[in-house]
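These notes concern the structure reproduced below.
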Amino acid sequence: QLQLVESGGGSVQPGESLRLSCAASELGLDYYAIGWFRQAPGKARDGVACVGRNNFLPKYADSVKGRFIVSVDSDRDTVYLQMNNLSPEDTATYYCAADYGAAICKLAEPSYRDENDYWGRGIQVTVSS
């Protein structure tokens with residue numbers, strides 16, 4: 001069974017950057033589309049970025065477009081989320097998720113969150129002055 005582990009979170013000041021990593025427990029990350037989600041207290045878990053199988057067609061939520069970049073290192077079975085120009089509104093628990101066999105991710109679809117087969121435990125990102 002696939003296991004996902006997030007790392008790279010922490011506390012930063014507004015305007016600073018963080019790079020999150022999502023490491024898979026097995027070879028063959030190219031079999032999955034990968035999504036990044038975040039959830040703040042009292043709010044829903046929403047997708048912020050995703051990429052299809054074999055690093056195909058990355059997508060971004062409007063709130064992070066131009067600031068966040070998702071990338072894949074297939075040799076290390078690791079997906080990254082580079083987060084630049086962070087603001088307090090980005091404070092949340094961030095999760096990576098994997099959708100087996102999905103050629104593309106459907107970030108804009110309401111059902112996308114529930115279509116993922118595997119989830120990491122989440123990692124906290126806090127942005128404050």
[X] to [Y] - nearest heavy-atom pair and separation:
X      : Y     : result
Leu107 : Ala61 : CD2-N, 3.4 Å
Ser129 : Pro14 : N-CD, 3.8 Å
Ala98  : Leu2  : CB-CD2, 3.6 Å
Ala33  : Gly52 : CB-CA, 3.9 Å
Cys105 : Leu57 : SG-O, 4.4 Å

Using only atom types and a distance under 3.5 Å, with no angle test, would you say the side chain of [X] pairs donor to acceptor with the backbone of [Y]?
X      : Y      : answer
Tyr60  : Val70  : yes
Ser21  : Ser7   : no
Thr126 : Ser11  : no
Glu6   : Cys96  : yes
Asn116 : Tyr112 : yes

Requested in this report: Check the pair Cys50, Lys59 against side chain to side chain contact (heavy atoms under 4.5 Å, CB included), reporting the backbone distance first and the verdict last.
Outcome: CA-CA 5 Å; Cys50 66; Lys59 301 177 182 179; 4.0 Å; yes
Query raised in the report: For Gln39, which residues count as a side-chain hydrogen bond (donor to acceptor under 3.5 Å, both in side chains) partner, sequence neighbours excluded?
Result: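 If we apply the side-chain hydrogen bond (donor to acceptor under 3.5 Å, both in side chains) test to Gln39, skipping adjacent residues, the hits are Arg45.
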Report summary line: By side-chain hydrogen bond (donor to acceptor under 3.5 Å, both in side chains), Asp46 pairs with (sequence neighbours left out) none
Between [atom1] on residue [X] and [atom2] on residue [Y], distance to nearest 0.5 Å:
X      : Y      : atom1 : atom2 : answer
Gln1   : Asp117 : CD    : CG    : 10.0 Å
Cys22  : Tyr94  : SG    : OH    : 14.5 Å
Trp119 : Phe37  : CH2   : CZ    : 4.0 Å
Ile123 : Leu18  : CD1   : CG    : 9.0 Å
Ile69  : Leu81  : CD1   : CG    : 9.5 Å
Ile34  : Asp99  : CD1   : CG    : 8.5 Å

Query raised in the report: Who pairs with Thr93 by side chain to side chain contact (heavy atoms under 4.5 Å, CB included), at least two apart in sequence or on another chain?
Result: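 Partners of Thr93 by the side chain to side chain contact (heavy atoms under 4.5 Å, CB included) criterion, ordered by chain and then number, come out as Tyr95, Gln124.
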Query - pair Pro88-Ser128: side-chain heavy atoms closer than 4.5 Å - result: no
Report task. Answer yes or no: is there a side-chain heavy-atom contact under 4.5 Å between Leu20 and Val125? Result ->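 Leu20 vs Val125: side chains touch.
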Query raised in the report: Does the ring centre of Trp36 sit less than 6.0 Å away from the ring centre of Phe68?
Result: no
Report summary line: Exactly one of Met83, Glu89, Arg38 clears side chain to side chain contact (heavy atoms under 4.5 Å, CB included) with Val64, and that residue is Arg38
Sequence-distant partners of [X], salt bridge (Lys or Arg N to Asp or Glu O under 4.0 Å), two or more places apart:
X      : answer
Arg67  : Asp90
Glu16  : none
Asp114 : none

Requested in this report: Please determine, by modelled atom types, if Glu109 and Ser111 share a side-chain donor-acceptor pair under 3.5 angstrom.
Outcome: no
**Report entry** Modelled atom types, side-chain donor and acceptor of Asp73 and Thr78, under 3.5 Å
**Finding:**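 The criterion, which ignores hydrogens and geometry beyond distance, is not satisfied for Thr78 and Asp73.
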Query raised in the report: Is Lys106 salt-bridged to Glu115, going by a charged N under 4.0 Å from an acidic O?
Result: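 Looking at Lys106 and Glu115, the cut-off is met.
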**Report entry** Single-linkage hydrophobic cluster, 4.5 Å side-chain cutoff, Val72 and Tyr100 together
**Finding:**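 Per the 4.5 Å side-chain linkage, Val72 and Tyr100 are co-clustered.
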Query raised in the report: Are Arg53 and Tyr31 in a cation-pi contact, defined as NZ or CZ under 6.0 Å from the six-membered ring centre and within 45° of the axis?
Result: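 No, Arg53 and Tyr31 do not form such a contact.
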